[in-house]
Amino acid sequence: MSYYLSSKLPPYVFEQINRLKADARSRGIDIVDLGMGNPDLPTPEPIVEKLIEAVRNPRNHRYSVSRGIAGLRQALVERYERMWGVKLDPDREVVATIGAKEGISHLVMTLLAPNDRALVPEPCYPIHAFSVVIAGGRLERVPWTTADELLEKLRAAVKVDPPRLVLLSFPHNPTGVCVDKVFFEEMVGLALEHSFSIIHDFAYADLAFENPRPPSILQVERSREVAVEIYSLSKSYSMAGWRVGFCVGNPEMVGALARVKSYMDYGIFQPIQIAATVALRKCEGHVELIREEYRRRRDVLVKLLNEAGWQVERPAGSMFLWAAIPERFKPLGSLEFAKVLLERAQVAVSPGIGFGESGDGYVRFALVENEERIRQAARGIKSFLKASN
Ligand SMILES: Cc1ncc(COP(=O)(O)O)c(C=O)c1O
């Protein structure tokens, strides 16, 4: 049977690798899983303690509020001011979301009318592109490799036919590319000139290695006229399963999302919201420890892959390594190559095609196993490359 919306969404490519991984593990094979970007580090203790305390209070068991409790929104406002010098109005410019993914998908659905054109850089996190498909918009993918090239292409594309929406995200999944504030100044300038909106997904706000404080688009003058930013606790605080995110910035866009969400959900379980305020207010040191752990893993993986003869570059941010497939395996394509790595090196990675067609020459390593396991993965890859020479 075919249903209207699901038929427009291809099966997740990553599922195929997951199935093969589960199959190998059921046969007793030890697979190092660097596939999905699912953080393995534990949530910091003060957050867990607060959750336990809050869950014991029956008053917190009722429906919460879909836009987020006042204390949570205020805690986010304080962190934005501390980290980025951005002042937000907690009532008009902040709405809590059930993770960034929920926020982005409902926001795009809220903003786009049928056939409205949306520009999405490719490769990208899949929901950036598919939120447009779900909303019935007109998706236009913009393939890119460097930030300068992307800016050039977006500049040309918005001049020809102004879109309704542009989706951006830096530090970037899967490539690890970071941008400076000038990039956002250019984009905000274009949005003001050509009357389009910008969603900036800032899920890796706290995971940049060269400049530990990558810019928020909201630091740009007049950005609030055209842009919102999506922030998430999933990676910064290792809280992926808790489902806490935010949409902040342009009050009309924030208000529109809050309206739609008020029909769709009753908010995040209140003890989680209470514990999330502790994260935002009291866990800055933990964020740094998490970032440093990803940095160490990145450095180990990059060094060992290069030593194994697979030339890769060091990502400036995110928790991923975007690796061009070695020349002799390129004809396989990324899905087949990922299968080969799984079978012959016992390492699971994400095939680049899952991030858009132009990603097919790459695979993505997620830094979600410890250093020892990453060394094990690199050894497996080294022997495989040697054997296949
Ligand atoms: C760019 C990007 N945005 C959003 C998310 C999802 O964030 P959340 O867990 O807050 O839904 C991810 C997760 O991998 C991501 O890579």
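As the structure lists them, so they are numbered: ligands from 1, and atoms in each ligand from 1. What's counted below: heavy atoms across the whole structure, side chains too, no hydrogens, waters or symmetry copies.
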Considering heavy atoms of the protein only, find what lies nearest to [atom] and give residue, atom and distance to 0.1 Å.
| atom | answer |
| --- | --- |
| atom 15 (C) of ligand 1 | Tyr204 OH, 3.5 Å |
| atom 12 (C) of ligand 1 | Tyr125 CZ, 3.3 Å |
| atom 14 (O) of ligand 1 | Lys235 NZ, 2.7 Å |

| What do you reckon, does Glu102 put a non-hydrogen atom under 4.0 Å from ligand 1? | no

Short N-O contact, [X] and [Y], less than 4.0 angstrom:
| X | Y | answer |
| --- | --- | --- |
| Lys235 | Asp206 | no |
| Lys87 | Glu81 | yes |
| Glu102 | Lys261 | yes |
| Lys153 | Glu149 | yes |

Of all the atoms in ligand 1, which lie at a distance below 4.0 Å from a heavy atom belonging to [X]?
| X | value |
| --- | --- |
| Ala203 | 2 (C), 3 (N), 4 (C) |
| Gly99 | 10 (O), 11 (O) |
| Asp201 | 1 (C), 2 (C), 3 (N), 4 (C) |
| Ala100 | 4 (C), 7 (O), 8 (P), 10 (O), 11 (O) |
| Arg243 | 8 (P), 9 (O), 11 (O) |

| Where does the angle between the aromatic ring planes of Tyr204 and Phe320 fall among parallel (under 30°), tilted (30 to 60°) and perpendicular (over 60°)? | perpendicular

| query | More than 12 non-hydrogen atoms from neighbouring residues, nucleotides or ligands closer than 6.0 Å to CZ on Arg328, yes or no? | reply | yes

| message | Would you say the ring centers of Tyr294 and Phe209 fall short of 6.0 Å from each other? | response | no

| said: Centroid separation under 6.0 Å, is that true for the rings of Trp84 and Phe202? | reply: yes

Can you confirm, on distance only, whether ligand 1 has an N/O atom lying under 3.5 Å from any N/O atom belonging to [X]?
| X | result |
| --- | --- |
| Val244 | no |
| Asn173 | yes |
| Ser234 | yes |

